[in-house]
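Below you'll find the structure, written out as structure tokens, and then a few comments.
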There are 2 protein chains.
Amino acid sequence: MTLPHLDGSGRPTLRTVAALAGVHVSTASRALTQTPPAGARAASKDTIARIQRVATEIGFERNPHGAGLRTSRSHLVGVLVPRLTDVVLSTIYEGIDERARELGYQAFVVNGRDVADQRWAALEMLLARRVDGLIIGDARLADDDLVDSLVARHVPFVLTNRHAGDHPAVTCDDYAGGVLAAEHLLELGHTDVAVLAGQPYASTGHERSAGFAATYAAAGHPVPGHRILHSAFDVAGGRVATTALLAQHGPPPSAVFVVNDFAAIGAIGAAAAHGLRVGDNIAIVGYNDIPIAAELPVPLTSVASPMHDMGARSIELLLQVLAGETVAPERLAPTLSARESTTASSVTAHRAPQIQPRPAN
Amino acid sequence: MTLPHLDGSGRPTLRTVAALAGVHVSTASRALTQTPPAGARAASKDTIARIQRVATEIGFERNPHGAGLRTSRSHLVGVLVPRLTDVVLSTIYEGIDERARELGYQAFVVNGRDVADQRWAALEMLLARRVDGLIIGDARLADDDLVDSLVARHVPFVLTNRHAGDHPAVTCDDYAGGVLAAEHLLELGHTDVAVLAGQPYASTGHERSAGFAATYAAAGHPVPGHRILHSAFDVAGGRVATTALLAQHGPPPSAVFVVNDFAAIGAIGAAAAHGLRVGDNIAIVGYNDIPIAAELPVPLTSVASPMHDMGARSIELLLQVLAGETVAPERLAPTLSARESTTASSVTAHRAPQIQPRPAN
DNA sequence: TCGTTTTCGCCAAACGTTTGCGCAACGTAG
DNA sequence: CTACGTTGCGCAAACGTTTGGCGAAAACGA
């Protein structure tokens, strides 16, 4: 019975540590688990210190397979996103990853591509890996059988980015964001507006448009149905929808609220192709305030959502769920970043003299 | 001794399957491992079929902790990236993830932020998780002690995105990409050019600029040293460096090769702030051809790198390394996507009549 | 001095899987 | 009918960890 690492072979294990510290492997285990409740049951202060010193000296790292096998906890949380190449999702993920690590967990992300088959496959993979819980970034508004199945299977989870039903969720207060956008455009005097509302199954686009439309209706300028179009959450989707919008008979709207910055960039392109100059004779408001928004040739006014914080907060909520607590959905407040795509408009400027100052960043 | 899943508790295990199929657990194990060599030593065709039927019926999924403990292989590969919110890296990662899954592996990504401490922490985390191998996306050109330590510790790995030394790597042929950019600008008649070369520790920027500079030198127009600036690989970096470039005395260059699209977008902004119109009196070439490049108000000419394929190819190489084969570095060919940021230029148009046609996409 | 409590640390079983070994039973050749 | 190779499958040990139980020693009160 040789010891790993002592004979130069393989990694050190608990046995190695125990032998070097002259204690039993179980004692070593207790000394190295930081949980204070079990710590009371453990060894003397001296022994603990000695074991810990040995452990760090020989670079012992607990084998998660052994531990996971015994405890059936992996300290892994699965994250299901609709797309990782979307900076919104990858920023949320960064928030999750960072905070999870601080809390002793690790985030394991998979890509569901917002497609039924792939979502299921990705989910099964995560469960097969025995994640302790899930953060779902691609929930669907109605009849999301994947989310339902999690409930049925008693898998702990938290929704983020999009919410659904009254499941635990951390999202941006998208309705309020829509209100912000509407108030901004109303202040600038726009009464003839349109909305690119995103995919109908995503709560994000749905609520953003709802807040926007409600505010306009309350101001006495209800947005007509043909001026509310669905679109994909990417550049191409925004371009296609805007092209369709501008092809409608009658004069084009003086402002468009696009529920996603990428789609807004597509809208800008389509508007330009149609001979319109953004910030000059058409105003555009995006959503999320991704880093590139401020850097566009005509900087884009956008409703900023706290993506990073959403991620961080969702892992915190998940840990509460894992601890058996019941948690309520949370909505984080958005803010408006007004820029030239609305405020520099000569058209709108003479409609309403008060112009929002551009924030420093 | 009750069986999991039969009494409604917990997940089914191999024991459950074996009991239901009326065989020993070891037989069940053999029947469910698809490896043909061991398959020969396994059970009869009938028995195997029966076991497999039972397994799928009750939804058995091998517990990776148990298996990993026994085999000390996790079928997990770690991916270390400098930043996941960068679409270049996330696209590479998507390529890795997709192909890895096809090959029976799973990719586990972590963020090193291109910062020494974080890289090390992320690496140790991956190794603590017992990944079978690593794909490193943030290698540094000189004295990368992290990569060196992998060699010393005999951890199988493959570099991607950036290469270093003659370690196994899958990258874009960045030198060739620089040549492409130079040839394009030379054809358009630009003789007075500048380069934003990225971070000095990244092979990508280094080689792209080298290929570019060598081509210009060979054409009799060497790029002067003060016209080659380093910059971060993001919008802000490009803006800062371009502002510095344009603050130099003398006339501004007629074209700038920026080794990264995000930085190129920053360069566009800085140029605009300096009163220059891109594609009109200054030409800009980016690198990577990220999706947004084609959608900018002035579509950006960019050297397209096969990001997705790079990812897919690197996991293939890693599996070869894991199999004990020795593999040579690979460089995938870039292509040029010429667009209005160079070709619509009225300045350059009269310098050189032949204008590259804009590709369909 | 002796009982009683507390502290410290060992023992052993268990988690779910893989795999070398060995033993029947069967078929085939001599 | 014996000898032998092959096929099919069970046995048991191991992988590294955690944790309930328990005994020995130390601390304490009377």
Side-chain angles (χ1 to χ4, degrees), chain A residues 1-6 9-19 21-35 37-51 55 58 60-75 128-130 132, chain B residues 1-6 9-19 21-51 55 58-75 128-130 132:
Chain A
M1 170 166 126
T2 65
L3 283 179
H5 178 76
L6 286 189
S9 78
R11 283 166 167 277
T13 78
L14 258 193
R15 265 188 36 233
T16 327
V17 178
V23 298
H24 191 263
V25 56
S26 65
T27 309
S29 171
R30 283 191 248 257
L32 294 175
T33 55
Q34 61 287 45
T35 53
R41 262 236 5 82
S44 69
K45 281 229 183 301
D46 297 1
T47 317
I48 292 186
R50 180 163 37 98
I51 294 173
I58 67 174
F60 166 77
E61 299 211 70
R62 165 182 291 100
N63 183 324
H65 294 129
L69 187 55
R70 174 61 219 247
T71 62
S72 61
R73 305 200 110 230
S74 58
H75 278 239
R129 279 278 169 202
R130 304 302 196 266
D132 291 340
Chain B
M1 171 167 126
T2 64
L3 283 179
H5 179 75
L6 285 189
S9 79
R11 284 165 166 278
T13 78
L14 257 193
R15 267 189 31 235
T16 327
V17 177
V23 298
H24 191 263
V25 56
S26 67
T27 309
S29 172
R30 282 189 252 257
L32 294 175
T33 56
Q34 62 287 46
T35 53
R41 270 271 309 116
S44 68
K45 281 227 186 303
D46 298 1
T47 315
I48 292 187
R50 180 160 39 97
I51 294 174
I58 68 176
F60 167 76
E61 300 211 71
R62 167 183 290 100
N63 184 325
H65 295 129
L69 186 54
R70 173 63 220 247
T71 61
S72 61
R73 305 200 110 230
S74 59
H75 278 239
R129 280 278 169 202
R130 305 302 198 268
D132 291 340

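Reminder, nothing fancy here: chain letters follow the sequence lines and each chain counts from 1.
For the atom pair CZ of R11(B) and OG1 of T16(B), the computed distance is 11.5 Å after rounding to the nearest 0.5 Å. One finds the CG atom of L69(B) at 10.0 Å from the CG atom of N63(B) (value rounded to the nearest 0.5 Å). Note that the CZ atom of R15(A) and the NE2 atom of H24(A) stand 10.5 Å from one another [nearest 0.5 Å].
In this structure, the NZ atom of K45(B) is 13 Å from the C1' atom of dT7(D), given to the nearest Å. Straight-line distance from the CG atom of L14(B) to the P atom of dT17(C): 4 Å, rounded to whole Å. The CG atom of L32(A) sits 11 Å away from the C1' atom of dT17(D) (whole-angstrom rounding). As a whole-Å value, the separation of R73(B) CZ from dG16(D) P is 16 Å. Atom CZ in F60(B) sits roughly 10 Å away from atom P in dG16(C) (whole-Å rounding). A straight line from CG of N63(A) to P of dG16(C) spans 16 Å, rounded to a whole angstrom. With rounding to whole Å, R130(B) atom CZ is found 14 Å from dC15(D) atom P. The CG-C1' distance, from L69(A) to dG16(C), rounds to 5 Å in whole Å.
Remark: the backbone N or O of A128(A) is paired with a side-chain donor or acceptor of R130(A) at under 3.5 angstrom.
Between G22(B) and G66(B), the residue whose closest nucleotide on DNA chain D is further toward the 5' end is G22(B).
Using a 4.5 Å heavy-atom cutoff, the side chains of I51(B) and R30(B) are not in contact. At least one side-chain heavy atom of S74(B) sits less than 4.5 Å from a side-chain heavy atom of H65(A). Annotation: side chain of P64(B) is not in contact with side chain of H75(B) (no heavy-atom distance under 4.5 Å).
Considering every non-hydrogen atom in both F60(B) and L14(B), the closest pair reads CE1-N, 3.4 Å. For the pair L32(A) and A55(A), the tightest heavy-atom approach, listed with the atom from each and the gap, is CD2-CB, 3.9 Å.
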Could you go over nucleotides 11-14 of chain C and give all protein N or O partners under 3.5 Å, atom names and distances?
{"from": "dC11(C)", "atom 1": "N4", "to": "S26(A)", "atom 2": "OG", "distance (Å)": "3.1"}

Review item, nucleotides 25-27 of chain C N/O atoms under 3.5 Å of protein N/O:
none

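Within 4.0 Å of T71(A), counting heavy atoms only, lie sugar-phosphate atoms of the nucleic acid but no base atom.
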